[in-house]
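Labels below follow one simple rule: chain letters A, B, ... track the order of the sequence lines, proteins then strands, and each chain is numbered from 1.
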Number of protein chains: 2
Amino acid sequence: MLLKSNFVTKNKNVILYGISLAVLLFLLKWLELRFIIMSHAFEIYAGIIALIFTGLGIWLALRLTKPKIKTVVVEKEIYVEKPENFTVNQHELAKLNLSKRELEVLNLMATGLSNQEIAAQLFVSVNTVKTHSSKLFEKMEVKRRTQAVEMAKRLNIIK
Amino acid sequence: MLLKSNFVTKNKNVILYGISLAVLLFLLKWLELRFIIMSHAFEIYAGIIALIFTGLGIWLALRLTKPKIKTVVVEKEIYVEKPENFTVNQHELAKLNLSKRELEVLNLMATGLSNQEIAAQLFVSVNTVKTHSSKLFEKMEVKRRTQAVEMAKRLNIIK
DNA sequence: TTAAAAATCACCCGAAAGTATGAACGATGA
DNA sequence: TCATCGTTCATACTTTCGGGTGATTTTTAA
């Protein structure tokens, strides 16, 4: 049942064409009887056939052509929780011209460590840390470690 | 010249149809001469006309109609880093149980301001700012402003 | 209405932070 | 080779920060 229905659906156009053909042949037979005896009736008859079948062809073509499939890709944005794709802004970092050690101190500062703790981490004296921090404040043109950290995070030079 | 060329281009299909028609009529006339005397030749003739003009109709339709376009929308998921739609983590903020003023001080601290500057911003004395900061350090269980700011940013309670 | 919490301010003190200056040493590069 | 820069450290000094304590006033909630 379903198969038959499917067959009908699939061949709908072919069946319609067949029926149309049958109807037209009947019509033509009738026309033949009416015009066959008239002079020049044949040319008229041929013209009518031509017109009708041209129309039929057009109709068929419109039915049977498969539509072109145009694929439109719509980008759907999915917001992800800040993935760890942090990349250092090398340009800004370069502009600041910080030394390796100064940058280390800056990073440790950003974690909230005191000079004492930073000194312990780097195995140097507190005075050294102070020197580094003073120089990096100067280079960054800030007055406090909090400002330095804020700026560094804003410029994406530390995570 | 250009106008004429444009005209030709625009009506190319119509002209082609005209020419096809002329050729076909000539062909039909010839066929008429050959088959008119044969028995049942007329049915064959009509069939040929029908076939040819059906083909012509199909050809015409394919030429003259705009191609059908079926648009298929495909959603492509692209992952975007959460834009600056910073939202305060109310849950974490509530857990800390900070007062309005303490949160204000915390926010100003995060911008790198000193207690002196914060006091000026809030039109209170430095001592008041100190009191607020001390209490918020206690609530956040940190020892320094830098730690407080680091924690606050990590917990998404300040921008 | 009354108690608790928040906000305000003051004073003191020690710790931490930051400035200034100088010095020593090694690496780097013109 | 000489100058520069980075790193290290020290001393001395000032400023800022943070803890502790206490007090007053306002706001909020029970």
Only pairs under 3.5 Å count here: list side-chain donor-acceptor contacts from residues 90-100 of chain B, not counting sequence neighbours, and write none if there are none.
unit_1: Ser99(B); atom_1: OG; unit_2: Glu102(B); atom_2: N; d: 3.2
unit_1: Ser99(B); atom_1: OG; unit_2: Glu102(B); atom_2: OE1; d: 3.4

Let me have the donor-acceptor pairs involving side chains of residues 104-113 of chain B, under 3.5 Å, with sequence neighbours excluded, atom names and distances please.
unit_1: Glu104(B); atom_1: OE1; unit_2: Arg101(B); atom_2: NH1; d: 3.0
unit_1: Asn107(B); atom_1: ND2; unit_2: Leu103(B); atom_2: O; d: 3.0
unit_1: Thr111(B); atom_1: OG1; unit_2: Leu108(B); atom_2: O; d: 2.6

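The stretch residues 118-126 of chain B touches DNA chain C through Val124(B), Ser125(B), each having a heavy atom within less than 4.0 Å of the strand.
Side chains of Met151(B) and Gln147(B) form no contact here, defined as non-hydrogen atoms less than 4.5 Å apart. Contact annotation: the side chain of Thr146(B) never approaches that of Glu150(B) to less than 4.5 Å [non-hydrogen atoms, C-beta and beyond]. A heavy-atom distance below 4.5 Å is not found between the side chains of Phe26(A) and Val23(A).
Contact check, Arg144(A) against dG18(C): no side-chain N or O comes under 4.0 Å of OP1 or OP2. For Asn115(A) and dA17(C), the shortest distance from a side-chain N or O to OP1 or OP2 is below 4.0 Å.
Using modelled atom types, one finds a donor on one side chain and an acceptor on the other under 3.5 Å when comparing Thr128(A) with Ser125(A).
Of the inter-residue distances, the one linking Ile49(A) atom CD1 with Thr54(B) atom OG1 reads 10.5 Å to the nearest 0.5 angstrom. Atom OG of Ser133(A) and atom CE of Met140(A) lie 12.0 Å apart (nearest 0.5 Å). The CD1 atom of Ile48(B) lies 12.0 Å from the CZ atom of Phe53(B); values are rounded to the nearest 0.5 Å. Taking CG of Leu122(A) as the reference point, atom NE2 of His132(A) lies at 7.5 Å (rounded to 0.5 Å).
In this structure, CG of Leu106(B) is placed 13 Å from P of dA7(C), rounded to the nearest angstrom. One can place CZ of Arg101(B) at 9 Å from C1' of dT8(C), the figure rounded to the nearest angstrom. Leu98(B) places its CG atom 15 Å from the P atom of dA5(C), with the value rounded to the nearest Å. Counting to the nearest Å, the P atom of dC13(C) and the NZ atom of Lys130(B) are 13 Å from each other. In this structure, CG of Leu103(B) is placed 14 Å from C1' of dA6(C), rounded to the nearest angstrom. Protein atom CG of Leu113(A) is 13 Å distant from nucleotide atom P of dA16(C), rounded to whole Å. Look at CG on Asn127(A): it is 14 Å from P on dA16(C), rounded to the nearest Å. Taking atom CD on Glu138(B) and atom C1' on dA6(C), their separation rounds to 14 Å, with Å as the unit.
If you find the closest nucleotide of DNA chain C to Ser114(A) and to Thr131(A), the one lying nearer the 5' end belongs to Ser114(A). Nearest-nucleotide mapping onto DNA chain D: of Lys100(B) and Gln116(B), the residue sitting toward the 5' end is Gln116(B).
Heavy atoms only, all atoms of each residue included: Asn89(B) and Leu155(B) are closest at CB-O, 3.3 Å.
Applying the salt bridge (charged side-chain N to carboxylate O under 4.0 Å, His left out) test to pairs two or more places apart or on separate chains, those with a residue in residues 116-136 of chain B are Arg144(A)-Glu117(B).
The nucleotide whose nearest atom lies closest to any side-chain atom of Thr128(B) is, among dA17(C), dT8(C), dA6(C), dT8(C).
Here chain B contacts DNA chain D (any atom closer than 4.0 Å to a heavy atom, that is under 4.0 Å), and the contacts span dC17(D) to dG19(D) from 5' to 3'.
Taking five base pairs at each end of the helix from dT1(C)-dA30(D) to dA30(C)-dT1(D), the local helix axes there meet at an angle of 60°, rounded to 10°.
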